[in-house]
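Start at 1 with the first residue, then count along the sequence. Atoms within each ligand, like the ligands themselves, are counted from 1 in listed order.
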Amino acid sequence: MERQVTGRFAPTPSGRLHLGNIFTAMIGYLSVKSRGGKYLLRIEDLDAARCPKSLAYAIMRDLDYFGFEFDGEIIWQSERADVYKNYFDILDREGLIYPCFCSRAQLHASTAPHGDTPVYDGKCRLLSPAERPKRKGAARVIVPDETVSFTDGLYGYCEQDLKKECGDFIVRRADGVFAYQLAVVVDDGESGVTEVVRGRDLLPSSPRQLFLFDKFGFQRPDFTHVPLMMDANGERMSKREGKSNLEYITANFPDPRPVIGMLAFNCGLTDKFEPLSLKELIPLYDVKKLKKEDIILDDRGLFSK
Ligand code: GLU
């Protein structure tokens, strides 16, 4: 059966959004809306202590300012621990979970970075129950000796040998909070997400997540990772910096169209620097127009006026 095209924006409210996040949300939105699909909002406040509700509401106001309209109910990860537990138990019943007691410093010493992903050497998997410390450990899932591949909507064919390039990964932290990797798959799977659009910094997580999609019996979504947005100095955008921060923008631009038009021009969607709304951009969207290289924001003086 054809599934309804469904995308989502999934911010972590540990800070205010920046323009790079708005760019990612915009591509996700245009990609599904240009095919008549649904766009969901999920607040990834798994770590409730670091993610105050006030920041989540500030994010919603910012999204509203840009004209995003979301379908369905907002999902709050902080309310879904019971659901994550059910899926965690599937892995546990299969004997795929073991506790890990490695400290940050030990992990640093025993993991070899592979690209952006540190590879865990499986040290704690070898501990017998008697050798395990009495304190609570984090829970890791055992990955198979397999290569997982997918075709990214923008970056094309990608593959990862889970054992060699990722290693067993954490699905629940020692403090009992479920890990992003597990929660994101459960939520995307249960919400029927057919397409994940997010920053290319998360591309190395996708094979791990596909492994969990298969384990939980969910249909795999398509992935499109998008380039990161850099400020004029070529640095990754931060939430505070300069006049491209959302506090400045929302206070100084009563109409968001010049800012949206600027993002569209910067990423290759339009060839003119002109004000446009999200709705006006829908018919202009084509993934083939998007640049693959990271984007150094060129505001053409918009923020210095
Ligand atoms: N919550 C993640 C973030 O804010 C995004 C997760 C995702 O899109 O899969 O970076």
Side-chain angles (χ1 to χ4, degrees), residues 5-32 37-53 55-60 62-63 66 68 70 74-81 84 87 116-117 148 150 152-155 158 160 166 169-171 173 177-213 216 218-230 236-240 245-246 294:
V5 173
T6 305
R8 67 3 176 232
F9 182 54
T12 301
S14 55
R16 193 98 179 235
L17 298 179
H18 54 69
L19 265 187
N21 303 126
I22 298 297
F23 162 64
T24 305
M26 176 179 103
I27 301 301
Y29 175 87
L30 296 175
S31 177
V32 294
K38 293 195 291 183
Y39 202 46
L40 313 178
L41 177 62
R42 179 167 76 232
I43 303 295
E44 300 214 318
D45 58 345
L46 277 173
D47 193 341
R50 283 183 56 233
C51 298
K53 284 268 182 304
L55 273 174
Y57 292 127
I59 287 176
M60 287 177 199
D62 289 340
L63 291 167
F66 283 100
F68 287 97
F70 292 96
I74 296 169
I75 296 169
W76 296 81
Q77 288 193 327
S78 56
E79 294 170 1
R80 290 173 53 78
Y84 303 139
Y87 287 91
D116 297 340
T117 323
V148 175
F150 65 99
D152 187 85
L154 189 61
Y155 292 104
C158 302
Q160 193 179 73
C166 167
F169 60 93
I170 291 182
V171 285
R173 300 185 339 197
V177 174
F178 288 99
Y180 156 72
Q181 303 291 356
L182 179 125
V184 77
V185 172
V186 170
D187 291 339
D188 284 339
E190 286 214 332
S191 334
V193 165
T194 59
E195 176 183 84
V196 170
V197 173
R198 60 188 175 195
R200 66 146 186 87
D201 52 332
L202 286 168
L203 195 148
S205 287
S206 300
R208 232 170 302 180
Q209 294 175 10
L210 284 170
F211 155 65
L212 291 181
F213 272 102
F216 297 152
F218 292 129
Q219 212 165 315
R220 291 178 167 201
D222 295 329
F223 289 103
T224 296
H225 291 84
V226 296
L228 302 178
M229 194 160 271
M230 310 290 174
R236 269 186 81 168
M237 289 219 158
S238 79
K239 304 187 187 202
R240 271 178 290 279
N245 85 34
L246 294 196
D294 288 343

> So is F9 close enough to ligand 1, meaning a heavy atom under 4.0 angstrom away?
Replying inline: no
>> Checking a contact table here: which protein heavy atom is nearest atom 10 (O) of ligand 1, and how many Å away?
In response: L202 CD1, 4.2 Å
>> So F9 and L40, do their side chains get closer than 4.5 Å, heavy atoms only?
In response: no
> Would you say T194 and D222 make side-chain contact, with heavy atoms under 4.5 Å?
Replying inline: no
> Hey, do the aromatic rings of Y87 and F218 have their centres closer than 6.0 Å?
Replying inline: yes
>> Does either side chain, that of R200 or that of T24, offer a donor lying less than 3.5 Å from an acceptor on the other one?
In response: no
> Does any N/O atom on P11 come nearer than 3.5 Å to any N/O atom on ligand 1?
Replying inline: no
> Can you list the ligand 1 atoms lying under 4.0 Å from a non-hydrogen atom of R198?
Replying inline: 7 (C), 8 (O), 9 (O)
> Which protein heavy atom lies closest to atom 8 (O) of ligand 1, and at what distance to 0.1 Å?
Replying inline: R8 NH1, 2.7 Å
> Which atoms of ligand 1 have any heavy atom of V184 under 4.0 Å away?
Replying inline: 9 (O)
> Does a side-chain N-to-carboxylate-O contact under 4.0 Å join E195 and R8?
Replying inline: no
>> Need the ligand 1 atom indices (1-based, order shown) with element for anything under 4.0 Å from a heavy-atom of E44.
In response: 1 (N), 2 (C), 5 (C), 6 (C)
> Where is the nearest protein heavy atom to atom 3 (C) of ligand 1: which residue, which atom, and how far?
Replying inline: T12 OG1, 3.6 Å
>> Students should be able to answer this: which protein heavy-atom is nearest to atom 5 (C) of ligand 1, and at what distance?
In response: A10 O, 3.4 Å
> Do D294 and R236 sit within salt-bridge range, that is, some charged N less than 4.0 Å from a carboxylate O?
Replying inline: no
> Checking salt bridge (charged side-chain N to carboxylate O under 4.0 Å, His left out) for the pair D47/R173: CA distance, chi angles, key distance, verdict?
Replying inline: CA-CA 10 Å; D47 193 341; R173 300 185 339 197; 3.1 Å; yes
> For ligand 1, which atoms, with element, lie under 4.0 Å from some heavy atom of Y180?
Replying inline: 6 (C), 7 (C), 9 (O)
